[in-house]
Amino acid sequence: MTETNDNISKDEKALEALLAAAFRLDFPKELSDEQAEKFFQQPAQLSKEDKEAINSWGTDFIDKLIEGQKTTSDKHQQDITVNEELVQESFAMNRDKNGDGLDEETHRKIDEERKKALEEEENKDNNQNNES
Amino acid sequence: MANTNVDLETIDIYLIGDEEEIAEGIRLIDAHFKEKIVEIIRKRALSATPDDLFDIYQEVLLGIYKNAQEGKYDPGTKTKTLMAFIYKIASNKAIDWLRRKYAQKRKRDTDQDVLIDSVAEIIKDSSVYESWQNAHQNEERAIILETIRNLVPRLKHRQRQVAEIIVENFPKLLSLLDIKKQLLERYGEDVTTVAVKSTRQEVYNKVKEALSITGYGEYADD
């Protein structure tokens, strides 16, 4: 081959032109059904390096990938649920404060009386059981 | 055969089903067509690293999932067969990747006429011309180009990078120093000029091999 000043011969230029033609001019983005079927029936033409890479991927990523796709809708749903819970809690808090109109000290005394009453009831039950 | 024992009709049915069924269809596509999908990607994205390949592959599966979810996959009516459908999505995702990579360098889809003229002009001045003309007459030019597309992706990573630089810059023909500079700019790899020369030679050898395999191999004994 004859070398030119930039060290690329005419034939090497032609090889580059063929390379460019292969990847930029005559490379279909779509195939007909028949062409696609024929293509998929051929064994994959991959380097050893690419095959090793593929084997290392596993299959776990698919669920994560699809889950990622669903994240928006799930998160949206989650937000709605959380908001509903907050609203319910808010309603409950409002009921506590406004429903009976009693202050904290009064609630504490009521709770103490309830406990005493329950203990007395339990003691009565125990005594009756012992007597019988 | 890439799709051994796969029931294409089953995948078709899954892809027109609900979300869980579509997901199952995606799993089957991954199980049966992974290598072929990666081959489609690799032929477009020559310089893609294994991580890049994985990213693009996931985009392909997600593309299939979204299309199916939106009811765009409907074999026999709206769309082609499953294989043509997968090919199209994989091809487009790889082209998207390449466009992002070379976005500032050229308008890929608007210079086809210039490219055709350039290829013809350059080949005309070389000893490839006669073979190329014969191939054209025999309608075998497409086979030569397809063979090049099958061989070049099987080169080593550095060689694929150089091939991609040559392809993406064509019709501008780059000197060794230009390629060396682009290897550094694009891939962050500082390679000696001697190494660039031998790498480029390996790319040339693959193109020659394609000519030889298809019966136009006057370069076989160079």
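Per chain, numbering begins at 1; letters A, B, ... match sequence-line order.
- Between chain A and the residues B:Asp30, B:Val203, B:Leu177, the most heavy-atom pairs under 4.5 angstrom are made by B:Asp30.
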Given the rule in the side-chain contact (heavy atoms from CB on, under 4.5 Å) test, do B:Phe33 and B:Val60 qualify, once you have shown the distances and angles that lead to the verdict? CA-CA 12 Å; B:Phe33 299 116; B:Val60 173; over 6 Å; no
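- Between B:Lys66 and B:Glu59, none of the side-chain N atoms (NZ, or NE/NH1/NH2) sits under 4.0 Å from a carboxylate O, so this pair counts as no salt bridge.
- Interface remark: B:Gln201 contributes side-chain atoms only to the contact with chain A (heavy atom separation under 4.5 Å).
- The aromatic rings of A:Phe61 and B:Phe54 lie perpendicular to each other, with more than 60° between the two planes, well past the 30° mark.
- Contact of A:Ser56 with chain B is not made at all, since no heavy-atom distance falls under 4.5 Å.
- Neither the backbone nor the side chain of B:Lys124 comes within contact range of chain A, judged by heavy atoms closer than 4.5 Å.
- Contact of B:Tyr129 with chain A is not made at all, since no heavy-atom distance falls under 4.5 Å.
- Aromatic ring centroids of A:Phe23 and B:Phe170 lie 6.0 Å or more apart.
- Between A:Lys13 and A:Glu16 there is no salt bridge, since none of the side-chain N atoms of the basic residue sits less than 4.0 Å from a carboxylate O of the acidic one.
- For B:Asn150, the parts lying under 4.5 angstrom from a heavy atom of chain A are both the backbone and the side chain.
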Walk me through whether A:Leu65 and B:Ile26 qualify under side-chain contact (heavy atoms from CB on, under 4.5 Å). CA-CA 10 Å; A:Leu65 186 73; B:Ile26 297 296; 5.7 Å; no
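- Neither the backbone nor the side chain of B:Ala210 comes within contact range of chain A; no heavy atoms are under 4.5 Å apart.
- Put simply, the side chain of B:Lys36 reaches to within 4.5 Å of the side chain of A:Phe39, judged on heavy atoms.
- For the set B:Val38, B:Asp51, B:Thr147, the count of heavy-atom pairs under 4.5 angstrom toward chain A peaks at B:Val38.
- Using a 4.5 Å cut-off between heavy atoms, B:Ile166 contacts chain A through its side chain alone, with no backbone atom that close.
- Counted within 6.0 Å of NZ on B:Lys180, heavy atoms from surrounding residues, nucleotides or ligands total more than 12; the atom is thus considered enclosed.
- Using a 4.5 Å cut-off between heavy atoms, B:Ile89 makes no contact with chain A at all.
- A salt bridge is absent between A:Lys38 and A:Glu34; no separation between the charged side-chain nitrogens and carboxylate oxygens falls under 4.0 Å.
- For A:Glu49, the part sitting under 4.5 Å from any heavy atom of chain B is the side chain, from C-beta outward, and nothing else.
- Contacts between A:Ile62 and chain B at a heavy-atom distance below 4.5 Å involve the side chain alone, from C-beta outward.
- Comparing B:His157, B:Gln58, B:Lys206, B:Glu146 by how many heavy-atom pairs each has under 4.5 Å with chain A, the most go to B:Gln58.
- For A:Lys48, no part lies under 4.5 angstrom from a heavy atom of chain B.
- For B:Arg27, the parts sitting under 4.5 Å from any heavy atom of chain A are the backbone and the side chain alike.
- Just one of B:Asp52, B:Ile95, B:Ile56, B:Asp55 meets the side chain to side chain contact (heavy atoms under 4.5 Å, CB included) condition when paired with B:Ile41; it is B:Ile56.
- Ranked by heavy-atom pairs under 4.5 Å with chain A, the list B:Ile86, B:Leu151, B:Leu145 is led by B:Leu145.
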